[in-house]
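Values in this document were obtained by computation on a predicted structure and should not be read as measured data.
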Amino acid sequence: MTTPRRTLLLCAAALFAGGLRPAARADPGVSVAAAANLIYALDALNAEFRRATPGVEVTSASGASGSLFAQITHGAPFDVFLSADTDYPQRLVAAHYGDAASLRTFATGRLVVWTTRAELDLGDLAAVVRDPTVRKIALAQPQTAPYGRAAQAALEKLGAWRDAQPKIVIGENVTQTAQFIATGNADVGFVALSLVRSPRLRREGQWREVPSALYAAVPLELGAVLTIRGAANPSARRYLEFLSSAAARKILQEYGYDLPEVGHHRTGE
């Protein structure tokens, strides 16, 4: 009579003899934390990455760069961090939550002033701020959102920040700021060119680009870095390299981003 233990051993031997192999490990996919200015461009980027990399799933979350930085340092399971500046990715590396070798600049954003009020003349930004019919001016939280800091820097450079302050309404990020303007909860505001160039907003209101010289102290260079978790994920590395591909660069250009020269994308170079 065969004992249960002997039966198990015989079954195991038969399986190995039949060529049993361990099950293939499922691809872990890629989890991306992206600054809010990328929200619409990111849909197109992720779709193109999925097309070019079948079988690798991409999930993403957007928000203010500073908020995403805080989430990652508190254990949020992101593989790739795409910031509206290079400061937060550098800080992630310094805090030992980011992979220094992966740090790079992949695009440069542009700030615009936007309104749904057709009668406003956006040609003189200081005059817009001081216009008595302009009661609310929206910008993203300067403490956590680089676009908010850039807007504040531009107004300070124009000498209009003091006049603007009583009218300021703060969005948690640049996407929420755009919502304030689109819904009429703000008369005018400062957002990313990538948002007003998006299919959802391109026919809404009017906008004018803010001269970059007005916010030169807050360069909107978008930084990318792998988290320590992402550095161990081959698919995350493929996503980071994808951002330098011709297809990704074309998408970024369509949304109004300026691009670094090919081969000169790492921060500090």
Side-chain angles (χ1 to χ4, degrees), residues 27-43 45-46 49 56-109 111 139-153 170-177 191-192 194-195 215 217-244 248 252 257 260 265-269:
D27 191 290
V30 183
S31 179
V32 181
N37 72 89
L38 284 160
I39 188 167
Y40 297 132
L42 195 65
D43 289 341
L45 288 169
N46 288 350
F49 180 76
V56 178
E57 185 54 40
V58 184
T59 58
S60 55
S62 65
S65 298
S67 298
L68 295 172
F69 166 83
Q71 289 177 42
I72 294 170
T73 58
H74 284 86
F78 293 115
D79 298 305
V80 181
F81 177 34
L82 306 180
S83 175
D85 65 4
T86 57
D87 180 57
Y88 284 116
Q90 289 169 348
R91 288 171 59 183
L92 200 70
V93 169
H96 306 292
Y97 287 93
D99 174 45
S102 67
L103 189 62
R104 63 191 64 196
T105 298
F106 67 97
T108 300
L111 182 70
L139 65 138
Q141 173 58 260
Q143 293 181 359
T144 55
Y147 276 85
R149 284 200 295 277
Q152 180 176 341
I170 297 293
E172 181 180 346
N173 53 59
V174 75
T175 305
Q176 187 179 68
T177 303
V191 298
S194 58
L195 299 185
Y215 56 93
V218 189
L220 295 173
E221 295 181 335
L222 277 65
V225 69
L226 294 176
T227 65
I228 293 303
R229 163 194 162 105
N233 180 351
S235 293
R237 291 191 175 277
R238 292 171 74 179
Y239 188 93
L240 196 65
E241 292 303 322
F242 160 76
L243 293 176
S244 299
L252 290 166
Y257 292 99
H265 55 266
R266 293 192 181 278
T267 58
E269 289 187 351

Chemist: Is atom CD of Q71 surrounded by more than 12 heavy atoms (other residues, nucleotides or ligands) closer than 6.0 Å?
Modeler: yes

Chemist: Side-chain contact test, heavy atoms from C-beta onward, threshold under 4.5 Å: evaluate it for T177 versus Y147 and give yes or no.
Modeler: no

Chemist: Going through the checks in order, is the side-chain contact (heavy atoms from CB on, under 4.5 Å) test met by T175 and V191?
Modeler: CA-CA 8 Å; T175 305; V191 298; over 6 Å; no

Chemist: Please determine whether a side-chain nitrogen of the Lys or Arg among D99 and R237 lies less than 4.0 Å from a carboxylate oxygen of the Asp or Glu.
Modeler: yes

Chemist: Quick one, L111 and Y215 - any side-chain contact, counting heavy atoms below 4.5 Å?
Modeler: yes

Chemist: Does the side chain of D79 reach to within under 4.5 Å of the side chain of V32, using non-hydrogen atoms?
Modeler: no

Chemist: Kindly compute the distance separating CG (D43) from OG (S60), expressed to the nearest 0.5 Å.
Modeler: 7.0 Å

Chemist: Specify whether Y88 and F69 have parallel, tilted or perpendicular ring planes, treating 30° as the upper limit for parallel and 60° as the lower limit for perpendicular.
Modeler: tilted

Chemist: Nearest heavy-atom pair of A140 and N173: which atoms, and what distance?
Modeler: CB-C, 3.7 Å

Chemist: Checking side-chain contact (heavy atoms from CB on, under 4.5 Å) against V225, which of I72, T86, L92, V80 comes through?
Modeler: L92

Chemist: So which atom in L222 and which in L220 form the shortest heavy-atom distance, rounded to 0.1 Å?
Modeler: CD1-O, 3.3 Å

Chemist: If you take all heavy atoms of A84 and P146, which pair is closest and at what distance?
Modeler: CB-CG, 3.7 Å

Chemist: Has Q176 got a side-chain atom pairing as donor or acceptor with E172's backbone, closer than 3.5 angstrom?
Modeler: yes

Chemist: Whether the side chain of S235 engages the backbone of V30 through a donor-acceptor N/O pair (distance < 3.5 Å, no angle test) should be reported.
Modeler: no

Chemist: Indicate whether any N or O donor in one side chain lies under 3.5 Å from an N or O acceptor in the other, for Y239 and N46.
Modeler: yes

Chemist: Work out which heavy atom in A153 is nearest to a heavy atom in V218; give both atom names and the distance.
Modeler: CB-CG2, 3.9 Å

Chemist: Test L68 against F81 for side-chain contact (heavy atoms from CB on, under 4.5 Å), laying out the working first.
Modeler: CA-CA 8 Å; L68 295 172; F81 177 34; 3.8 Å; yes

Chemist: Rounded to the nearest 0.5 Å, what separates atom CG in L82 from atom CG in L45?
Modeler: 8.5 Å

Chemist: Just verifying a value: how many Å separate S67 OG and Q141 CD, rounded to the nearest 0.5 Å?
Modeler: 8.5 Å

Chemist: Atom CG in L240, atom CG in N233: separation rounded to 0.5 Å?
Modeler: 11.5 Å

Chemist: Is the backbone of A64 close enough, under 3.5 Å, to the side chain of T144 for a donor and an acceptor to pair up by distance?
Modeler: no

Chemist: Please give me the minimum heavy-atom distance between R104 and S244, naming the atom from each residue.
Modeler: NH1-OG, 4.1 Å

Chemist: How long is the straight-line distance from CD of E221 back to CG of D85, given to the nearest 0.5 Å?
Modeler: 9.5 Å

Chemist: Let me confirm one number: the CG-OG distance from L42 to S62, rounded to the nearest 0.5 Å.
Modeler: 7.5 Å

Chemist: Determine, step by step, whether H96 and I228 satisfy the side-chain contact (heavy atoms from CB on, under 4.5 Å) criterion, reporting the C-alpha distance in whole Å, the side-chain angles of both residues, the deciding distance to 0.1 Å, and the verdict.
Modeler: CA-CA 8 Å; H96 306 292; I228 293 303; 5.9 Å; no

Chemist: Of all heavy-atom pairs between S65 and A35, which one has the smallest distance, and what is that distance?
Modeler: OG-CB, 3.5 Å

Chemist: Ignoring hydrogens and angles, state whether a donor on the side chain of T108 or Y257 is under 3.5 Å from an acceptor on the partner side chain.
Modeler: no

